[in-house]
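Note sheet for the following structure.
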Amino acid sequence: MAREITYANAVLEATTQCMESDASVYIIGLGVPDPKGVFGTTLGLQEKFGRVRVLDMPVAENAMTGIAIGSALVGMRPIMTHQRIDFMLLSLDQIINNAAKWHYMFGSKMSVPLVIRLLVGRGWGQGPQHSQSLQALFAHIPGLKVVMPTTPSDAKGLLISAIQDDNPVIYIEHRWLHGTFGDVPKEMFTVPIGKARIMKIGRDVTVVTSSYTTLEVMKAARLLSEDGIDIEIVDLRTIKPLDEEAIAASLEKTGRLLVVDGAWKSFGVSAEIIALASEKSFAALKAAPRRLAFPDVPTPTSWALANHYYPRTIDIVNEVRCLLNKSQLTESALGIDPETPLDVPDKNFTGPF
Amino acid sequence: MAREITYANAVLEATTQCMESDASVYIIGLGVPDPKGVFGTTLGLQEKFGRVRVLDMPVAENAMTGIAIGSALVGMRPIMTHQRIDFMLLSLDQIINNAAKWHYMFGSKMSVPLVIRLLVGRGWGQGPQHSQSLQALFAHIPGLKVVMPTTPSDAKGLLISAIQDDNPVIYIEHRWLHGTFGDVPKEMFTVPIGKARIMKIGRDVTVVTSSYTTLEVMKAARLLSEDGIDIEIVDLRTIKPLDEEAIAASLEKTGRLLVVDGAWKSFGVSAEIIALASEKSFAALKAAPRRLAFPDVPTPTSWALANHYYPRTIDIVNEVRCLLNKSQLTESALGIDPETPLDVPDKNFTGPF
Amino acid sequence: MRKDSALSLYYQMLRIRMVEEAIARVYTQWQMRCPVHLCIGQEAVAAGLCANLLKKDYVLSNHRSHGHYLAKGGSLKAMFSEIYGKENGCSGGKGGSMHLVDLDAGILGSTPIVAGIIPVAAGVAFGIQMKKEHSISVAFFGDAATEEGVFAESLNFAALKKLPVIFVCENNYFSVYSPLSVRQPKKRNNLSIARGFGVEGEEGDGNDVEYVFKAAKKAVMYARSLRGPYYLQFDTYRFREHCGPNFDNELGYRTEIEFSRWCKRCPLETYQRKLLHKGSITAKIINEYKTGIQLEINEAVSFAQKSPFPKPGEAFTGVYA
Amino acid sequence: MRKDSALSLYYQMLRIRMVEEAIARVYTQWQMRCPVHLCIGQEAVAAGLCANLLKKDYVLSNHRSHGHYLAKGGSLKAMFSEIYGKENGCSGGKGGSMHLVDLDAGILGSTPIVAGIIPVAAGVAFGIQMKKEHSISVAFFGDAATEEGVFAESLNFAALKKLPVIFVCENNYFSVYSPLSVRQPKKRNNLSIARGFGVEGEEGDGNDVEYVFKAAKKAVMYARSLRGPYYLQFDTYRFREHCGPNFDNELGYRTEIEFSRWCKRCPLETYQRKLLHKGSITAKIINEYKTGIQLEINEAVSFAQKSPFPKPGEAFTGVYA
Ligand SMILES: Cc1ncc(C[n+]2csc(CCOP(=O)(O)OP(=O)(O)O)c2C)c(N)n1
Ligand SMILES: Cc1ncc(C[n+]2csc(CCOP(=O)(O)OP(=O)(O)O)c2C)c(N)n1
Ligand SMILES: [Mg+2]
Ligand SMILES: [Mg+2]
């Protein structure tokens, strides 16, 4: 039975159901049991499951990650949360040197079933140290899996898969998705790690994207369709391992590729997808593949600058049009208000960020 | 005046000359003043420049990086060394959140002229935590520059450029290069950051590579030339910012691209180069671009496994042949001993690693 | 305490308080589009500490930095412009409230990664030492920052090299909504930890500005005479919400009783009462102060509001020096 | 000390010493193609500590782990096979000397990232606590590891949760060739630091196996009775080079005088003299021990040498569970 709930609620529901069905699952992170409950994703968990399994922690990301790893070695299944992915940079030693390698380097004798939930911030002047989107760093590391669900339903199904997975899984949530609604099955279900979702079937151009950016691509798709341009949207859902087949199958059909990634362009996830397509679908490509991503610049704080930092819907439209050798359009031609601020998910937003 | 010296000596000479000519340059790192002197690259510096400017440090990579940054803010030019790039994972917070962004996030009021020398290990069973090659992580971060010199001469010229640069520069040295010889000018000179070197001119296939891997590609080039195949070798020297023009110019000529990278394949530096080529040189490409890199697997320790982990010269040869639609060869056909161990730079090597 | 010093401490606290309250007021016009972490209730630490510093001394701070910035002499106009995201903000609009800087005043930066500036401040002291200068470096941070490993690592190196750095911990008992009890063992004692590293220090009432002033004076003399680093911990309390212009007791993470107990110990009001009582200050002077500061604030706010936003292209400049 | 306990301590030290010396001997055949960090000179810590542990207790260790592995009951054959890079090595050849494991013996792993296993060991204790099991967890690490921030972070969390974990620092005064003096302030005291976090502890002579045994006994009782973490620091000395089979005094990073002073305090020889003197042991027993151990070693070495290498494809398996 599905009902409409928010992404945040879907995350909460997945956590709740996993904790109900498996006593070894616990959740730890800054503010997990606090009144805001990590933007609602952990609200009420401590009341339900107690202080042992639902807990706050010291601001000590590296050791706390090692501690989660240690507990996993003796049979626990930790979920660790970070309110921003930027803070996780303190724990890359434990994530990369230990969690990602423990299974391999000890000859498959142990495993580290650890989920690390990382939130990507955007807007309201969070600036250079609170708006990074670092999926590319994890995607490069063997031994890690990386998922970035877009819809509430995938948020739930992928979180359950991540918790049940015996490997360290990096689960990345875009802050602007928490408030979005979608149909989500009430019961426990899984979305397989490693499978993309065709968000929209189309024939002209394959647009590969993920997470919040998928919503922007869907907006662009509607605008494009008004001009008779029919894009196919591949929502990756999982960044590592990539669903190479889904990308190749779509390219076989369209022959044209745009990758839209909500992160820095150079050496990012978008590069890997273009590389894959060029290697494996070369014959199918009718035009040079393109990517649209953040400029190689730290995130500026002033909304006057953020407005020009983040790609706009018009940019997606024009990238697609470019792939089809069509003229570039302006926002006013499409009826988009060029004053739309990009530092808030909608005009009435005033936080919390 | 140039003479033949080792790569390690070139690094030492660059450091010495920079310290002589600029009193604000200092060098700090584990074992910098010890009797081994970071594989010879810092030997004698403390005797020459004293204990204030040449110093050991506590095993505390994150704070020590922050400390180097702080000193740079008040006018010093620190060089920090890490005996393995793997240890640097402890300091990514300071490198990415602070060093890379300080200039931008404070409106260009300050800069962080910091050089971080990182050594990449290989072989003699150093295994999963001492043989990583993490250039891709840095290359993704705006505000950082990343160089990986191959020849002793470039090692010197790029280190001097790095020290003179007002930005944080990640300087990556492959451990197996330290003992290699080459002509190096005696005087102080710079190699510009951001410029690749055409190591060998050729017409059939463009092979883009860097650091130690360049030497392997050169071996392959000799074998290939025996069959009349003439590759062009682009030694990147700088990973960030990439010399896009050099790559494009070479592709314009050859139309065929192989990227060989001494690091994990997925989401690696090789992906960015293929992506760039596909985007910008699409019309020139006569065949699907290819990449050869490490498998997406932690480094195994046993030399029996390492022997199958690292790409071999034959693999480079065959990748090139594949691009030219030529049959694949065996090692014996090329007169290579298939028993050549890949965990040592040469058969008589027994350390130090 | 000399009367002029006392008045100056009072004035600094009052000014910080009034600036923070002005921000809280204008914030709800939603034109300051960035997170703000107000230090209302904690002014004594900034005022008492910085009163001992010279212009050439350096300060680095965290997300809750307005007080430190102002007490050290940072430009009010540049700060308001920065929070409004304007071109002439102290960081050109690229940083916002969480990234204040004023090189002329020796403020080398503030950043919101918890504990991120602790080693940087130690490094500034290291640079000072190598250059044989006579300034000192100060790091301001919260109780949560002492949980990060870099705190211990920085104490170790600062003690090893006898660096002229003062570590100032403002213990307001919370990290966001998380009390000390869920983060630090009951028996933990930061002063003992610092001493375990060989770092001298002192701990006390962070709402008593004269105490802060005196403790800081010792610390500054110690560091300036090149005897080494110093650790100061001041217990205090944040009155407003962790981040934003409002109060947040209704969330229930702290009790009204606790809150009002601390309000009675408001560093500004208690000091004002004390000075009035001693006759060091009069209601008239207080009003003059307030009028002057209000004028200054109004000017700065309207300056900031009228200032132009950075040009779009500015987003892409300044990545590299 | 009961005689059988004393003999067992002696036997453990002797066995570790003989294994390490065997490695040193065969190493120069260059068939052990991986770095080895021998613990010759430091055997008392491993022997004295592990004598107090039960099979169900967990141990994690660092790069210098052979002694800990053997004292906790790790398989000798699997260890030699691992160092030789063989298929039946304890980590299937994927880890080598720096990554030893033996789940049957409660050895959850050793890794060479300095301090990397300290939080992991605390996490094991956290898992034990959550699962309400009665085992304890032990982390072995060197003096350099206490400089890493995770050390402090781990002490904090272990004390906060009263975790059944023992932190064992083997202070051999060096990190590679770097003496304490270039890394830690003179006045630094790890025990005070631990206590500053609320962690009980003790420090003493790591070359006196009976002392280690007794200190560890207290620590184990403390942790096992769920009173919380315990910090132990043992001063000792490494006789061989930092990494590899040889001696390295000729490098000049330590003096011959210092070296020979420590040699006189060799934990094995001093204990052997003591036991002989007390009549607890005879030359005959010693010889029996040595013969038995040598036999065991010879067998393990030849077992390892004869064992097959992992199949090439093994390089690519086991990345994911
Ligand atoms: C490394 C890191 N982890 C977590 C956070 C999230 N965070 C922002 S402010 C804050 C609280 C900091 O508390 P404290 O240092 O005591 O300062 P206070 O806010 O109480 O002044 C936290 C945890 C962060 N910014 N950086
Ligand atoms: C994080 C990290 N930094 C640096 C190193 C390099 N390194 C290898 S062993 C070692 C010395 C460690 O000294 P200690 O912990 O005292 O152990 P010991 O070798 O003396 O037994 C160092 C610094 C490392 N392995 N990991
Ligand atoms: Mg606080
Ligand atoms: Mg040591």
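The chains referred to below are lettered A, B, ... by the order of the sequence lines, with proteins before strands, and numbering in each begins at 1.
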Worksheet item: Roughly how far, to the nearest 0.5 Å, is the CG atom of C:Leu38 from the OH atom of C:Tyr27?
Response: 9.0 Å
Just so I understand: if I count every heavy-atom pair under 4.5 Å between each of [options] and chain C, which residue has the most?
options	value
B:Lys145, B:His103, B:Met76	B:His103
B:Ile69, B:Leu73, B:Asn97, B:Val112	B:Asn97
B:Ser111, B:Pro58, B:Ser24	B:Pro58
B:Asp166, B:Val74, B:Thr65, B:Val52	B:Val74
B:Asp165, B:Val59, B:Asp93, B:Leu144	B:Leu144

May I ask you to name which of [options] has the most heavy-atom pairs under 4.5 Å with chain B?
options	value
C:Gly123, C:Ala115, C:Gly149	C:Gly123
C:Leu100, C:Val120, C:Leu160, C:Ile128	C:Val120
C:Gly89, C:Gly95, C:Gly109	C:Gly109

Discussion item. Check this for me: C:Lys162, atom NZ, are more than 12 non-hydrogen atoms of other residues, nucleotides or ligands nearer than 6.0 Å?
Written reply: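 Counting other residues, nucleotides and ligands, NZ of C:Lys162 stays at 12 neighbours or fewer.
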Discussion item. Can you confirm whether or not the ring centre of C:His242 sits under 6.0 Å from the ring centre of C:His63?
Written reply: yes
Against chain B, label [X] side chain, backbone, both or neither, depending on which of its atoms sit under 4.5 Å from a heavy atom there.
X	result
C:Thr317	backbone
C:Leu163	neither
C:Leu108	both
C:Tyr58	side chain

Item to complete: Pick one of side chain, backbone, both or neither for B:Leu55, based on which atoms fall under 4.5 Å of a heavy atom in chain C.
Response: side chain
Worksheet item: Relative to chain C, which segment of B:Ser71 carries a heavy atom at a distance below 4.5 Å: side chain, backbone, both, or neither?
Response: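 Both parts, backbone and side chain.
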Fill in: C:Asp104 with C:Lys55: basic N within carboxylate O range, under 4.0 Å
no
Item to complete: Indicate yes or no for a side-chain donor-acceptor contact from B:Lys101 to the backbone of B:Ile96 under 3.5 Å, with no hydrogens or angles considered.
Response: yes
Discussion item. Treating B:Thr150 as the side-chain partner and B:Ser211 as the backbone partner, does any N or O pair qualify as donor plus acceptor under 3.5 Å?
Written reply: yes
Worksheet item: Cation over ring, C:Lys86 on C:Phe309, under 6.0 Å and within 45°?
Response: yes
Discussion item. Applying side-chain hydrogen bond (donor to acceptor under 3.5 Å, both in side chains) to B:Ser91 and B:Asn62, what does each step give before you reach the verdict?
Written reply: CA-CA 4 Å; B:Ser91 56; B:Asn62 204 29; 5.3 Å; no
Discussion item. Using the rule given for ring-ring contact (aromatic ring centres under 6.0 Å, His included), can you reason through C:Phe140 versus C:Phe167, listing the C-alpha separation, both sets of side-chain angles and the distance that settles it, and then say yes or no?
Written reply: CA-CA 7 Å; C:Phe140 285 103; C:Phe167 300 104; over 10 Å; no
